[in-house]
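Whatever order the structure lists them in is the order used to number ligands and atoms, beginning at 1.
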Amino acid sequence: MSIAAFGKLAWVLGVIAWYIIRYPFERRAKRVRVVSHKRSTSEAAGLAFAMLGLAVVPAFYVATGIPRAADYPAHIWAVVVGALLYGAAMWVFRRTHKALGRNWSITLEIREKHELVSGGPYALIRHPMYTSFLLMGLGQAFLLSNWVVGLAGVIGFAILFFLRVDKEERMMLELFGPQYRAYMDRTKRIIPYLY
Ligand code: SAH
């Protein structure tokens, strides 16, 4: 198997892991009532771009090899780094789902009896699930030796993140007031101690 094919296989395994972690939460989320939401066109667009960049574009590439012109030679070290990044992403992804539990939503929603989660992965940063998306995007960039497909994940993440994060924090402030303000004062957004 070529090194490029090995990278593609690792990406496919990563996406399967992503789905295995997410699926039970998607099912459970259906049973918890949504009491309010901040869904909007830009929010839907952000989600669509993230899906496109982190799933649709790379899946199409793995299946068809398109866009072939943007391929560059794969290196074993890049595949190793990519697998480590993607593995780290899945570890963080799983921890954030477990910590959020019934408070999780795919979009901006407040659940019945919503609680502020500030422990575990939420102790240092407010958006560790988005950190896991960034790690996924970076992992993808190292696993798939194609400029377009490699960058698509990080771009998809960035569009979702910047369209959403202010609204999400405002929504949390409306709900939790000074409690969230204090939580903001002692945490960063997605990179511990930095941002
Ligand atoms: N931004 C967080 C959560 C993503 S899931 C992260 O990246 O880890 C999105 C939903 O999580 C939002 O609809 C919001 O209702 C909820 N949420 C975000 N931060 C939360 C927190 N600290 N405690 C409880 N729920 C939270």
### Message
Is there a side-chain contact between Tyr61 and Ile66 in this structure, where contact means two heavy atoms from C-beta onward sitting under 4.5 Å apart?
### Response
no
### Message
When you measure from the heavy atoms of His37 to every atom of ligand 1, does any distance fall below 4.0 Å?
### Response
no
### Query
Going by distance alone, is a donor N or O of one side chain under 3.5 Å from an acceptor N or O of the other, for Glu169 and His127?
yes
### Task
Just need the protein heavy atom nearest to atom 23 (N) of ligand 1, so name the residue and atom and give the distance.
Val117 N, 2.8 Å
### Selection from Glu168, Arg189, Met129 by shortest heavy-atom distance to atom 2 (C) of ligand 1
Glu168
### Summary
For Leu116, the atoms of ligand 1 under 4.0 Å from one of its heavy atoms are 21 (C), 22 (N), 23 (N)
### Summary
For atom 20 (C) of ligand 1, the closest protein heavy atom turns out to be Met172 SD, 3.7 Å
### Task
Consider every N or O of Thr96 and every N or O of ligand 1, then say whether any pair is closer than 3.5 Å.
no
### Query
Nearest protein heavy atom to atom 15 (O) of ligand 1, by residue and atom, and its distance?
Glu109 O, 2.7 Å
### Query
Polar-atom distance check: Tyr183 versus ligand 1, any N or O pair below 3.5 Å?
no
### Query
In terms of atom number and element, which parts of ligand 1 are under 4.0 angstrom from non-hydrogen atoms of Thr107?
12 (C), 13 (O)
### Query
How about Arg186: does its CZ atom have over 12 heavy atoms from other parts shown lying under 6.0 Å from it?
yes
### Query
Who's the nearest protein heavy-atom neighbour of atom 4 (C) of ligand 1, and how far?
Tyr130 OH, 3.6 Å
### Query
For the hydrophobic clusters of this structure (ILVMFWY residues joined by side-chain heavy atoms under 4.5 Å, transitively), does one cluster hold both Ile191 and Phe157?
yes
### Message
Any nitrogen or oxygen of Met171 lying under 3.5 Å from a nitrogen or oxygen in ligand 1? Just yes or no.
### Response
no
### Salt-bridge criterion met for Glu43 and Arg164 (N-O under 4.0 Å)
yes
### Task
Taking atom OH of Tyr195 as the centre, report whether more than 12 heavy atoms of other residues, nucleotides or ligands fall under 6.0 Å from it.
yes
### Query
Which residue supplies the protein heavy atom nearest to atom 24 (C) of ligand 1, what is that atom called, and how far is it?
Glu115 O, 3.1 Å
### Task
Check each atom of ligand 1 against the heavy atoms of Leu100 and keep those under 4.0 Å away; list them by number with element.
3 (C), 5 (S), 24 (C), 25 (N), 26 (C)
### Message
Is there a path of hydrophobic side-chain contacts, each under 4.5 Å between heavy atoms, that joins Met51 and Val154?
### Response
no
### Joint hydrophobic cluster, Ile159 plus Val148, side-chain heavy atoms closer than 4.5 Å
no
### Query
Would you say Tyr122 and ligand 1 have an N/O pair spaced under 3.5 Å apart?
yes
### Query
Which atoms of ligand 1 have any heavy atom of Leu108 under 4.0 Å away?
13 (O)
### Message
For ligand 1, which is the ligand I care about here, please tell me if His127 has any N or O atom under 3.5 Å from one of the ligand's N or O atoms.
### Response
yes
### Message
Check whether His97 reaches the backbone of Arg94 with its side chain - one donor and one acceptor, N or O, closer than 3.5 Å.
### Response
no
### Message
Can you classify the ring geometry of Phe25 versus Trp104 as parallel (below 30°), tilted (30 to 60°) or perpendicular (above 60°)?
### Response
perpendicular
### Query
Just distances here: any N/O of Arg164 and N/O of ligand 1 closer than 3.5 Å?
no
### Task
Count the heavy atoms belonging to other residues, nucleotides or ligands that lie under 6.0 Å from CD of Glu115, then report whether that count exceeds 12.
no
### Message
Regarding ligand 1, does Ser105 bring an N or O atom to under 3.5 Å of one of the ligand's N or O atoms?
### Response
no
### Salt bridge Glu174-Lys38, side-chain N to carboxylate O under 4.0 Å
yes
## Note on the structure
Of Arg95, Lys38, Glu169, His114, the residue with the heavy atom nearest atom 25 (N) of ligand 1 is His114
